[in-house]
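Report on one structure; see the data block that follows.
So that the names make sense, note that chain A is the first sequence line, chain B the second, and so on, each numbered from 1.
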There are 2 protein chains.
Amino acid sequence: MVEAGSGRFERIQVAPAYQLVAEAIEREVVSGRLLPGEPVGTEAELVRQFGVNRSTVREGIRALEEGGFIQRGPDRRLYACLPRYNRLSSRMSRALILHEVTFRELFSVALALEVASAEQAVEHITDEMLDRLEENQRESEDAAAAGDAARLSEADGAFHHLVAKASGNRVLLLSREPASLLFFPTTEMICRRVPEGPGRMITAHRHVIDALRARDLEQARLWMSRHLYDWRRGFERAGRDLDEPVERIYARSLPPGLSD
Amino acid sequence: MVEAGSGRFERIQVAPAYQLVAEAIEREVVSGRLLPGEPVGTEAELVRQFGVNRSTVREGIRALEEGGFIQRGPDRRLYACLPRYNRLSSRMSRALILHEVTFRELFSVALALEVASAEQAVEHITDEMLDRLEENQRESEDAAAAGDAARLSEADGAFHHLVAKASGNRVLLLSREPASLLFFPTTEMICRRVPEGPGRMITAHRHVIDALRARDLEQARLWMSRHLYDWRRGFERAGRDLDEPVERIYARSLPPGLSD
DNA sequence: TGGATTGACTTTGTCCGACAAAGTCACCTA
DNA sequence: TAGGTGACTTTGTCGGACAAAGTCAATCCA
């Protein structure tokens, strides 16, 4: 075993060539010299530029692809791209599951971020977003009338996403996603097991939308947090323990409608 | 050009073999069948198990490595591991920079999450964490006395990290990191340019620590938010515009002391 | 003439084999 | 017994190879 730091010289760190390739490309993207959507070049070109073997280039590419900084187009060519929110979010969600976080931990964060979303949406909401919220509300009512718990919980997820989007704060939109991805699936169970659940949900949504339309900060804050506490209560009434780790569900796919 | 969906049959989607390899391994880790720390096996073993070429296995491995689900040990062998918080956080931070988010967006989220951290820390803080906060406070005072803006801002970053850790909420710890990584570097500039900055910071930290020790929710909330608003004000007084995109800084490395 | 077909060319996905560097481990000797 | 030695293992890199699939332009037939 060679002991690091035992001698006069520092250990020479040779990073593998594929890492250097990956870092070089990533630096181009992050620095803005390579803009999202622009082609990165073919593998052969990269081989020429870096002076390494194609296998090595491909290893570097693979790492970057996973990181989301480059993507294969439909023609399989390489393009620079912005890391997608949902990609990062779902990765974080899986990390959270692995760390066996509890519903209570998720709830606290969701509460803070959803209320912040509502607050900021009061200031920034547009007529178009209000229309989309109304449309979402109709969908929720339909689903509730039909007793379709799956559709209703999906609509609820979309509702919160829309409010966050209406806040105009992209950091918020990103930050709330990982927790919400783990959080909202439980809604379905609650809707099915707690009779008054759907009704209270729709009422709360209604009040939030009205508050946003009226630019009423207090009401928006109030009803959003009521909505969330309802939810936690529903979770408990469905017989679950707040301090139990979120289950290991392999949720790779995202709910539809969260593509941006 | 073959038109997708033009015929009677759906287009057959063949995922590349390296993706299948990556997904298979990732599933093992996420499902818990392969526990963090356990060796994944050598490349040769994986070649046997999957029945593909070593190059293909390596491409799959590369992708997973970037995702953080497996890691090379010091002996270069493969081990399953939990995706590290900081890895994901720094990736998110870079994504935020690429999306050219503004200081204002970052600030709103940081405010919500830091205050939530303080609130929850009131309930969960331990004597050990209080000691570490006191130690941090001494470090801050030293740095301020020495007029060392870099050390002071680093201590401030560590302070907020400690408070989040004291909250006992891992989701919170994770959620606040991406924004804070982009946020706290500006502290140094503020400390240098705004004369009363360091003094106000230390006063605020003092009050937060005292409030946590006394389990005083109101005071903790109050001083943490004061601290943040001070900060935003410092940013403005340093002549920066809140709505200007955060610069493109290639910040791969994390500040020290955030390793967990 | 115009649209479909064909075929050359490019690019990616996969595979094979090879070798050097570096780590591991058992063995052997002073 | 401590430490050096050498065989073995494993990874990092390279070269070449071929099939599948996309691109593009020339060609052919109605």
Side-chain angles (χ1 to χ4, degrees), chain A residues 1-7 9-25 34 37-81, chain B residues 1-7 9-25 34 37-81:
Chain A
M1 174 68 160
V2 179
E3 193 63 28
S6 62
F9 298 107
E10 265 190 55
R11 185 191 186 86
I12 296 180
Q13 274 294 6
V14 216
Y18 65 86
Q19 268 184 28
L20 298 179
V21 168
E23 282 167 23
I25 298 178
L34 196 53
E38 282 183 358
V40 177
T42 67
E43 296 180 1
E45 272 172 12
L46 296 175
V47 166
R48 272 199 304 283
Q49 289 183 39
F50 290 112
V52 297
N53 192 271
R54 180 163 160 244
S55 310
T56 308
V57 167
R58 280 175 70 79
E59 293 204 31
I61 287 173
R62 221 48 70 201
L64 277 188
E65 217 173 347
E66 183 66 15
F69 288 100
I70 63 179
Q71 237 181 2
R72 295 276 178 191
D75 52 359
R76 289 183 170 172
R77 279 186 174 75
L78 294 169
Y79 296 94
C81 68
Chain B
M1 173 67 160
V2 179
E3 191 63 32
S6 61
F9 296 107
E10 265 191 53
R11 183 188 187 88
I12 296 179
Q13 277 293 4
V14 210
Y18 64 84
Q19 271 184 26
L20 299 179
V21 169
E23 283 168 22
I25 299 179
L34 195 54
E38 284 183 355
V40 177
T42 67
E43 296 180 0
E45 271 172 11
L46 296 174
V47 165
R48 272 200 303 281
Q49 289 182 38
F50 290 112
V52 296
N53 193 270
R54 180 162 160 242
S55 310
T56 308
V57 167
R58 279 176 69 81
E59 293 203 25
I61 287 173
R62 225 45 74 200
L64 277 188
E65 215 173 351
E66 184 68 10
F69 288 98
I70 62 179
Q71 236 181 4
R72 295 273 177 194
D75 52 359
R76 289 186 172 172
R77 279 186 173 75
L78 294 169
Y79 296 94
C81 68

Please report the closest heavy-atom contact between [X] and [Y], naming both atoms and the distance.
{"X": "Tyr79(A)", "Y": "Val40(A)", "answer": "C-CG2, 3.7 Å"}
{"X": "Val47(A)", "Y": "Val52(A)", "answer": "CG1-O, 3.2 Å"}
{"X": "Gly60(A)", "Y": "Ala22(A)", "answer": "O-CB, 3.7 Å"}

**Item:** Non-neighbouring partners of Ala63(A) that pass side-chain contact (heavy atoms from CB on, under 4.5 Å), sequence neighbours left out
**Value:** Arg62(B), Glu66(B)
**Message:** Just to be sure I understand the geometry, which residues of residues 47-65 of chain A put a non-hydrogen atom under 4.0 Å away from DNA chain C?
**Reply:**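 The stretch gives Arg54(A), Arg58(A), Arg62(A) as the residues lying under 4.0 Å from the strand, ordered by number.
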**Asked** If you pin Arg77(A) and Leu78(B) to their nearest nucleotides in DNA chain D, which one's is more 5'?
**Response**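 It is Leu78(B) whose nearest nucleotide is closer to the 5' end.
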Report the distance from atom [atom1] of [X] to atom [atom2] of [N], rounded to the nearest whole Å.
{"X": "Glu43(A)", "N": "dT11(C)", "atom1": "CD", "atom2": "P", "result": "10 Å"}
{"X": "Gln71(B)", "N": "dT11(D)", "atom1": "CD", "atom2": "C1'", "result": "17 Å"}
{"X": "Tyr18(A)", "N": "dT13(D)", "atom1": "OH", "atom2": "P", "result": "7 Å"}
{"X": "Leu20(A)", "N": "dC14(D)", "atom1": "CG", "atom2": "P", "result": "11 Å"}

**Prompt:** Quick one: does Thr42(B)'s side chain get under 4.5 Å of Leu78(B)'s, heavy atoms only?
**Reply:** no
**Prompt:** Can Glu45(B) and Arg77(B) be counted as an ion pair, charged N to O under 4.0 angstrom?
**Reply:**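 No salt bridge links Glu45(B) with Arg77(B).
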